[in-house]
Amino acid sequence: IPLLTGLGRGDVDIAMEVWKANVAEPWNKALAAGKVVELGTNFPDAIQGWYVPRYLVEGAGAKAPDLRHVRDLVKYKALFRDPEEPSKGRFYNCILGWNCEIINTKKLKVYGLDKHFTNFRPGTGAALAAAIASNYMRAKPFVAYYWGPTWVMGKFDLVMLEEPPHNAADWKALGAEKNPKKAVAYPLVEVIVGVNAAFRNQAPKLVEFLTLYDTSNAQISDALSYMQETKGATEKDAALRFLKQMTKYWSQWVPADVAARVRAALR
């Protein structure tokens, strides 16, 4: 919210990731007031949901080969045994205080899983990522909420569990009601590039570039995973790696003469 406020005031010129579905009200208000402009899509496929490791559900040694849907979790709750409450499985929820943590808590109740799983809510994003990494590296069963693009999605092979299909009405009720009757899958989120309205007129060449700029969940997750795994790697290192490996992709963002100069500089 502070970032969007700054964008509307002109304190910030560009916001490369506006998650419209998460900030619909303030974004639409600023848009209607003519304070901000939507240039285009950064990535169209930001994802979030409940995940299990692929080794748990696929392959010769899979311990839960028919675990596909959230309703199947009860059958396998012993695999996810909570060490502090052994009669239940452990569900790794979103970070305490985030909106997704509230949504997941409601989902557990709607799906009837609150009777079979403890609602484990990490205090930080690092704690949730560490729990997933620790279990994955030891090939242990786990079920956790996560989202992408993130380094976790880039590094680990995870499978999203199926839920009732997303629809706008049930999703709105899930967020608004204290005790909703239905739960549905998270929406696929379009993340857009937003700019201050005055900036659009001040920097037409940059605006043209940002309008053409587009990436994907997989590309961003891969870059973040590279930074996580490569000691000392910076954002600049990840950007240079992207430019060298994805020449045909980013060349469409700029005029041919600019693309030629960038390729020459990379050499």
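A donor and an acceptor atom, one from each side chain of Glu85 and Thr118, are nowhere located under 3.5 Å apart. Side-chain N/O atoms of Thr105 and Asn119 include a donor and acceptor closer than 3.5 Å. In the model, Asn196 has no side-chain atom that pairs as donor or acceptor with a side-chain atom of Asp13 under 3.5 Å. Side-chain atoms of Glu229 and Ser225 form no donor-acceptor pair, as typed in the model, at a separation below 3.5 Å.
Ion pairing between Glu162 and Arg68 fails under the 4.0 Å rule for side-chain N and carboxylate O. For Lys106 and Asp114, the salt-bridge test fails: no basic side-chain N is under 4.0 Å from an acidic carboxylate O. Here Lys181 does not pair with Asp170 in a salt bridge; the nearest charged N to carboxylate O distance is not below 4.0 Å. Using a cutoff of 4.0 Å between basic side-chain nitrogens and carboxylate oxygens, Glu163 and Lys107 are scored as salt-bridged.
Checking side-chain atoms of Thr230 against main-chain N and O of Ala233 turns up no donor-acceptor pair under 3.5 Å. A donor-acceptor pair under 3.5 Å links the side-chain atoms of Asn28 to the main chain of Ala24, judged by distance alone. Under the 3.5 Å distance criterion, the side-chain polar atoms of Thr247 are matched with a main-chain donor or acceptor of Leu243. Distance alone, capped at 3.5 Å, places no donor-acceptor pair between the Glu58 side chain and the Tyr55 backbone. Counting only distance, with no hydrogens or angles, the side chain of Arg138 and the backbone of Ser134 share a donor-acceptor pair below 3.5 Å. A distance-only check finds a donor-acceptor pair linking the side chain of Asp72 to the backbone of His69 [under 3.5 Å]. Distance alone, capped at 3.5 Å, is enough to place a donor-acceptor pair between the Tyr136 side chain and the Asp157 backbone. Not one N or O on the side chain of Ser221 forms a donor-acceptor pair closer than 3.5 Å with the backbone of Trp151. Judged purely by atom type and a 3.5 angstrom limit, His166 has no side-chain atom pairing as donor or acceptor with the backbone of Val184. With hydrogens and angles disregarded, no donor-acceptor distance shorter than 3.5 Å links the side chain of Asn42 to the backbone of Val193.
Between Trp19 and Trp147, the distance separating the two ring centers is not shorter than 6.0 angstrom.
Annotation: side chain of Ile95 is not in contact with side chain of Thr124 (no heavy-atom distance under 4.5 Å). Looking only at side-chain heavy atoms (C-beta outward), Trp50 and Met160 stay at 4.5 Å or farther from each other. Between Val254 and Tyr213, every side-chain heavy-atom pair lies at or beyond the 4.5 Å cut-off. A heavy-atom distance below 4.5 Å is not found between the side chains of His116 and Phe80. Under the 4.5 Å side-chain criterion, counting only non-hydrogen atoms from C-beta, Lys77 is not in contact with Lys88. Residues Lys20 and Glu190 have side chains in contact (heavy-atom distance under 4.5 Å, counting atoms from C-beta outward). Contact annotation: the side chain of Asp237 approaches that of Thr234 to within less than 4.5 Å [non-hydrogen atoms, C-beta and beyond].
The hydrophobic clustering, which links ILVMFWY residues whose side-chain heavy atoms are closer than 4.5 Å, places Ile220 and Tyr249 apart. Side-chain heavy atoms closer than 4.5 Å link hydrophobic residues (I, L, V, M, F, W, Y) into clusters, and following such links, even through other members, never connects Leu128 to Leu96. Residues Met16 and Phe43 are members of separate hydrophobic clusters, defined by side-chain heavy-atom contacts under 4.5 angstrom among Ile, Leu, Val, Met, Phe, Trp and Tyr.
Aromatic ring orientation, Phe120 versus Tyr92: perpendicular (interplanar angle above 60°, classes split at 30° and 60°). Between Phe209 and Trp253, the two ring planes are perpendicular [angle over 60°; tilted spans 30° to 60°].
Closest approach of Leu174 to Lys182, counting heavy atoms only: CD1-O, 3.8 Å.
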Self-check item: Arg261 vs Asp257, salt bridge (Lys or Arg N to Asp or Glu O under 4.0 Å): CA-CA, chis, key distance, verdict
Solution: CA-CA 6 Å; Arg261 290 201 299 274; Asp257 61 322; 3.5 Å; yes
Practice problem: Show your reasoning for whether ring pair (Phe, Tyr, Trp, His ring centres under 6.0 Å) applies to Tyr145 and Tyr186. | Solution: CA-CA 11 Å; Tyr145 164 88; Tyr186 281 93; 5.6 Å; yes
Practice problem: For side-chain contact (heavy atoms from CB on, under 4.5 Å), just list the numbers for Arg90 and Arg81, CA-CA rounded to whole Å, side-chain angles, deciding distance to a tenth of an Å, and then say yes or no. | Solution: CA-CA 6 Å; Arg90 171 176 286 189; Arg81 187 176 67 86; over 6 Å; no
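The number of heavy atoms from other shown groups lying within 6.0 Å of CD (Glu38) is above 12.
Listed by first then second residue, pairs satisfying disulfide bond (SG atoms under 2.5 Å apart) with a partner in residues 35-148 read Cys94-Cys100, not counting sequence neighbours.
Rounding to the nearest 0.5 angstrom, the gap separating the CG atom in Asn104 from the CD atom in Gln48 is 8.5 Å.
Residue Leu31 shares its hydrophobic cluster (ILVMFWY side chains chained together at separations under 4.5 Å) with Ile1, Leu3, Leu4, Leu7, Val12, Val18, Val23, Trp27, Val36, Ile192.
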